[in-house]
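Counting convention: from 1, in listed order, for ligands and their atoms alike.
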Amino acid sequence: MGQLSRFSNKVIIITGAASGMGRATVIRMVAEGGTVIGVDLNESGLEETVQLALKTAGNGGSVSYMIGSVSDEKTVIKIVSDVVTNYGKLDVLVNNAGILRSSHTTETSVEEFQTIINTNLLSVFMFCREALPHLIKTQGNIVNLASTSAFFGHPYMIPYAASKGGVVSMTHSLAWEYLKQGVRVNAVAPGGISTPMIKNPFGKIAADVDMSLFTHLARPDGKFGEPENIASVIAMLASTDGNFINGEVIRIDGGNHS
Ligand code: NAD
């Protein structure tokens, strides 16, 4: 990581900070001097993220957290408002929190579909809506977590794929809508990354899935990415190194969808 200090004096919200890529991004940005506020439902996971980030904090970097659900409107409004009140501004928003549930489409309830959309897509809309007025003031930016499932056929995760397709569309249109006001909006689209989310992706339906449909899901050598592979690209996009990247969705899958 060297002596980079791309986030010194930058106030950053990262959702889904208790685990996986959210945690890795917190650690990366705190190491680069950021003032990072992690958001998650999981308090013990957030505590662990803070302890890990403090070990490598650099250049004035600091870390704190707020507990709450990203799919609850009042919570989202309060989180953004509290951050701006407490830290005086907001420079970067990373919409990372998400859930994956696997099911056969014919067995997927409307309630399940809505839960996934609310967590993975509605949350992104609500956080962007609340953050944008503050990001205009700081000429800040947003990085959203999409997925290769937005572009390629990933079976048994239809609500999830739909939510990530929505994240991609929202990223493009928000970037265009706020281009003249100086706010950049980008996304990353990871392939299979080794986090708790995909430790057992097909859960109860595992015995019942058609493996011949999995050509897109794993690399030929079986290698998965690490959360740090994603955190480094999120950090690039959110920093001045990404200054002329806007409305872009970067696929990060080790070439799996080449
Ligand atoms: P993860 O399960 O390790 O972490 C997700 C975090 O989001 C957890 O800490 C969880 O508590 C939090 N979260 C879930 N619902 C929440 C809610 N309502 N409010 C607040 N926090 C909530 O997953 P990950 O693999 O690190 O995934 C991070 C993002 O990357 C997600 O958006 C995911 O869809 C996306 N993604 C993951 C992969 C992969 O292979 N792991 C691939 C492509 C995209």
Side-chain angles (χ1 to χ4, degrees), residues 13-28 37-50 52 65-76 78-80 93-102 112 114-127 142-152 154 156-168 170-171 187-203 214 216-219 222-231 233-234 249-254 256-257:
I13 293 176
I14 301 176
T15 69
S19 177
M21 296 180 234
R23 169 178 288 171
T25 307
V26 171
I27 292 170
R28 175 78 194 220
I37 301 96
V39 175
D40 209 292
L41 290 165
N42 173 355
E43 184 169 12
S44 61
L46 284 167
E47 286 281 1
E48 206 177 316
T49 297
V50 166
L52 289 167
Y65 63 77
M66 298 175 81
I67 301 161
S69 175
V70 296
S71 58
D72 180 70
E73 185 177 23
K74 286 197 179 105
T75 303
V76 174
K78 184 166 165 33
I79 287 171
V80 174
L93 167 66
V94 180
N95 284 307
N96 165 81
I99 52 172
L100 171 66
R101 303 273 185 271
S102 299
E112 198 176 329
Q114 284 171 334
T115 299
I116 293 170
I117 294 291
N118 289 349
T119 307
N120 294 3
L121 180 59
L122 179 64
S123 66
V124 177
F125 159 69
M126 294 191 295
F127 262 105
I142 297 169
V143 182
N144 295 324
L145 268 286
S147 157
T148 49
S149 67
F151 303 106
F152 303 95
H154 287 200
Y156 311 118
M157 51 179 86
I158 298 308
Y160 180 84
S163 74
K164 294 303 185 180
V167 169
V168 168
M170 210 189 300
T171 300
V188 292
I193 308 299
S194 187
T195 71
M197 178 178 278
I198 58 155
K199 286 277 151 64
N200 185 16
F202 298 110
F214 287 97
H216 284 319
L217 291 190
R219 281 180 21 145
K223 192 166 186 238
F224 283 77
E226 296 301 324
E228 293 74 20
N229 298 140
I230 310 303
V233 180
I234 295 172
V249 182
I250 300 184
R251 174 170 62 88
I252 314 169
D253 65 354
N256 195 31
H257 293 84

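- Near G20, with a cut-off below 4.0 Å to any heavy atom, the atoms of ligand 1 are 3 (O), 26 (O).
- Of all atoms in ligand 1, listed by their number and element, those nearer than 4.0 Å to a heavy atom of T119 are 15 (N), 18 (N).
- Defined by atom type and a distance below 3.5 Å, a donor-acceptor pair is present between the side-chain atoms of D72 and T75.
- Of the N or O atoms in Y160, one or more lie within a sub-3.5 Å distance of an N or O in ligand 1.
- With atom 3 (O) of ligand 1 as the reference point, the heavy atom nearest to it among S19, S69, A17 is part of S19.
- Among protein heavy atoms, atom 19 (N) of ligand 1 sits closest to V70 N, 2.9 Å.
- Here is the list of ligand 1 atoms found below 4.0 Å of a heavy atom in G68: 19 (N), 20 (C).
- Of the candidates V39, V167, T195, it is T195 that places a heavy atom closest to atom 24 (P) of ligand 1.
- Ligand 1 has no nitrogen or oxygen under 3.5 angstrom from a nitrogen or oxygen of S147.
- Backbone and side-chain nitrogen or oxygen atoms of N96 are examined, and one is located within less than 3.5 angstrom of a nitrogen or oxygen of ligand 1.
- Using modelled atom types, no side-chain atom of S194 and backbone atom of F224 make a donor-acceptor pair closer than 3.5 Å.
- No donor-acceptor distance shorter than 3.5 angstrom exists from the side chain of N120 to the backbone of S163, with no hydrogens or angles considered.
- For ligand 1 and P190, the ligand atoms under 4.0 Å from any heavy atom of the residue are 42 (C), 43 (C), 44 (C).
- Heavy atoms only, all atoms of each residue included: R23 and G45 are closest at NH2-O, 3.0 Å.
- When hydrogens are left out, the protein atom nearest atom 37 (C) of ligand 1 is M21 CE, 3.2 Å; that is the closest non-hydrogen contact.
- Residue I99 has no nitrogen or oxygen atom sitting less than 3.5 Å from a nitrogen or oxygen atom of ligand 1, judged on distance alone.
- S149 places no side-chain N or O within donor-acceptor distance of the main-chain N or O of H154, the cut-off being under 3.5 Å.
- With respect to the salt-bridge test (charged N to carboxylate O, under 4.0 angstrom), the residues D253 and R251 qualify.
- Judged purely by atom type and a 3.5 angstrom limit, N96 has no side-chain atom pairing as donor or acceptor with the backbone of I14.
- The protein atom (non-hydrogen) at minimum distance from atom 42 (C) of ligand 1 is G191 O, 3.1 Å.
- Those atoms of ligand 1 that come under 4.0 Å of a heavy atom in L145, given as number and element, are 29 (C), 30 (O), 32 (O).
- In this comparison of A97, A146, G192, the heavy atom closest to atom 22 (C) of ligand 1 sits on A97.
- A donor-acceptor pair shorter than 3.5 Å cannot be found between the side chains of T15 and N95.
- Any N or O atom pair closer than 3.5 Å counts here, and D40 shares at least one such pair with ligand 1.
- On a distance-only criterion, I193 and ligand 1 share at least one N/O pair closer than 3.5 Å.
- Using modelled atom types and a 3.5 Å distance limit, the side chains of N118 and S71 yield no donor-acceptor pair.
- Any N or O atom pair closer than 3.5 Å counts here, and I198 shares no such pair with ligand 1.
- Near G16, meaning under 4.0 Å from one of its heavy atoms, ligand 1 places the atoms 6 (C), 7 (O), 12 (C).
- Listed by number with element, the atoms of ligand 1 under 4.0 Å from a non-hydrogen atom of L41 are 16 (C), 17 (C), 18 (N), 19 (N), 20 (C), 21 (N).
- Atom 23 (O) of ligand 1 has as its closest protein heavy atom M197 CB, 3.4 Å.
- What sits closest to atom 5 (C) of ligand 1 on the protein, heavy atoms only, is G98 O, 3.8 Å.
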